[in-house]
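Chain letters run A, B, ... following the sequence lines, proteins first, then strands; residues in each count from 1. All values below come from the heavy atoms of this structure, side chains included, with hydrogens, waters and symmetry mates left out.
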Amino acid sequence: MPLPVPRPFQRPARGATRHVEVGGVRVPYELVVDPWPDPYLDLDAYDPDADLMPINWGPQHPSTHGVLRVKLFMDGEVCVKAVPYLGYLHRGVEKLCEKLSYAQVTPIVDKNDYVSPMMNELAINMAFEKLLGVEPPPRAQVIRTIFAEMQRVASHLLWLGTWAMDAGGALGGGATLFMYCFREREMILDLFEEVTGARFHYNTHTVGGNRHDLPGGWEEKAIRVLDHIESRLPEYEDFLRDNDIFLVRTRGVGRLDPLLAMEIGVSGPSLRASGVDHDRRRDAPYAAYDRVEVKVPVRDAGDALARYEVRMDEMRESIRIARELLQDVPAGPITALKPVKMPKAIKVATGRSAYVGIESPRGELGTFVIAQNERKTAHLPYRLKIRPPSFHAMALLPYLAPGATLSDIVVIAGSLDPILGEVDR
Amino acid sequence: MSAAMVLDNPWLRGLVIGGGVLGVVLGIVAYAIWFERKFTGLMHQRPGPNVVGWAGLLQPIADVLKLFQKDDRLPAAVDRPLFVLAPVLMLAATMMALAVVPWGWGVVVADLHIGVLFALSITSLAAIPIWMAGWASNNKYALLGGMRAAAQAISYEVPLLLSVTVPVVLAGSFRLGDIVAAQAGGRWFALWPPGPGFFAFVLFYLSSLAEANRIPFDIPEAESELVGGITTEYGGMKFALFYLGEYLHTVVASAIASAAFLGGSDMGPLGDGLHWMLLKTLLLTASVIFVRWSWLRLRADQLMALCWTVFVPGGLVLVMASALWVHLT
């Protein structure tokens, strides 16, 4: 029995303009489809003779970006129904965090979105700060924002390389771009290593500030690296945007209805590529985003090419924001709450709860935390829920895959930029 | 027994020249793989193979030794005879095409009077072993790869044949030796007559990429979609034979393109000889490698659309244009 799909957004009437307003959100009219593909297609009725070929796409497959498993029912090369199976990378992070004190949680959540660990740390510590009522000092806020923007560039670079491999093969042009992207990403990791001592799982954010201060001359070095990366971006554009094969592989592939995307809770570049102008950095500024102007790139095409363009523009924008902040890092302490003071501060939080969402490279990365009611166990969170943007993007696959060929599904899944570490947690 | 006696006896001649050509070409293939890895390293700004021998020059030999040592396992559910036979047939089909390639004056295993047709038909036979491999593997990815390969090979036969008809019409012979002789003195068909020859060369080059399953037309293998396509279930030496076949196909197609469009062993005022033919073949092979590492892959339906809407009508126009040229001159 197919489950009913809730639809609070009704298809709008065609107006004179290309954009229409639905539920207070301005969306491009051309992208609105009706009805949405049925993800709960009854295969017994559709295919009584069982002629469809089921393919288990993953969990061991070169282009599932980890251990995603999707059961595809294929009619020849064309997919009829897709059912994602999650949980191959489930590590019980949320439950684990209930046994760790607030200061101990940071290195655990580093491993969630393993492509942008800085974002995990930022999201979780901002939630704790809101819970405890602590405000990090301005220097820590600016350093966090710089790290976040540099991490966004690094994350998008990794996405670009791996996605090109999806479209062009690990043994072809895609691998060439992959190497170029990793060359630049390496520079950002080197910078992070210089500050935190770690290349990947930094453990640098803490409740009420940062653990590591910037070493002398780091700002100038970072600006040089960002300038270098910006000068290299046209090289990737030459490689992909001016390549006809790339255009025919991505244009019109995986068109995403903005209403469907909002329904499922998709955020970030995938949503902005469908014409919805939404970015938490600008709409609900956190850290030091109120000090800079954040321009949000938006595209109306809604296909894989638009998602690529949005991410490329975002990289340029992130480089600009980071450079602007790097030129004027305020002096002062980097933490508002010394670890010694933690037990005292935690007592305040009993019975409270807090939600904080930040704009990670994949969309809204939220943390919902509830403090203990009993003072005896006040150093542990009662419940900690992480809202990963990739999880919601993966929920799109059953809608986008039907009607697409296997080659297109690879490109579509890659363009949504899933990180299975945060999908399964 | 003198050298002349050897060359006069067709059996001995085939054996000696055939063995020599095969040895040299297999060496070229082995070092084409070394060159590809080194060249890719250059493109990627990484060293490439550099451990075995100077600049990794002994790497192909080490790789072959490693592949020979591998356990020759058969997956449980495969169709055994077809599974074992497919890589051997694939390699054999491409090797046989080497027989008609004129490397230089007299250096040809068998200069058949239908040389061009023989080369094209025998290399297109490779589609059958690929389909055999896809079916016998009893694997869904291999099956999809085999289906794609069959469709692709059959479709791209047509533009390939049409493009190679242009030099045949211009030279008035199917014999590759005659086609090379007609281009003597720098009148290469890729340059003269202006127009049809050059476009036919481009068409032949692109169709050969598709026939040899090279990027951007390597959809039967498509490792990012079909894991390994037809080669998913293969390992060890059987896998190596597929790759040898693919590279050999590239070298053979480059050699035929050099002979049919680039004057073969002729180098205009610089004289002619075996070395020019080898140089052209190697340059064309290198360009195939460059294309592979700088382009993405087309989708299967786009590949078919390109063939039937662009290549086939274009090939027909080129054949008519060359026939008109021959009629007018």
Report which part of [X] has an atom under 4.5 Å of a heavy atom belonging to chain B: side chain, backbone, both, or neither.
| X | result |
| --- | --- |
| A/Phe246 | both |
| A/Ile409 | neither |
| A/Thr405 | side chain |
| A/Val410 | side chain |
| A/Val78 | neither |

request  = Please check if any side-chain donor atom of A/Glu184 sits under 3.5 Å from a side-chain acceptor atom of A/Tyr236, or the reverse.
outcome  = yes
inquiry  = Students often mix this up, so state it plainly: with edges at 30° and 60°, are the rings of A/Trp159 and A/His156 parallel, tilted or perpendicular?
reply    = perpendicular
inquiry  = Given 3.5 Å as the limit, does a donor-acceptor pair link the side chain of B/Lys140 with the main chain of A/Asn56, or not?
reply    = no
request  = Check whether the ring centres of B/Phe35 and B/Tyr31 lie less than 6.0 Å apart, and answer yes or no.
outcome  = no
note = Pair count under 4.5 Å, heavy atoms only, with chain A: among B/Gln45, B/Met147, B/Arg46, highest is B/Gln45
inquiry  = Both conditions, 6.0 Å and 45 degrees, for the charged tip of A/Arg185 above the ring of A/Phe182: are they met here?
reply    = yes
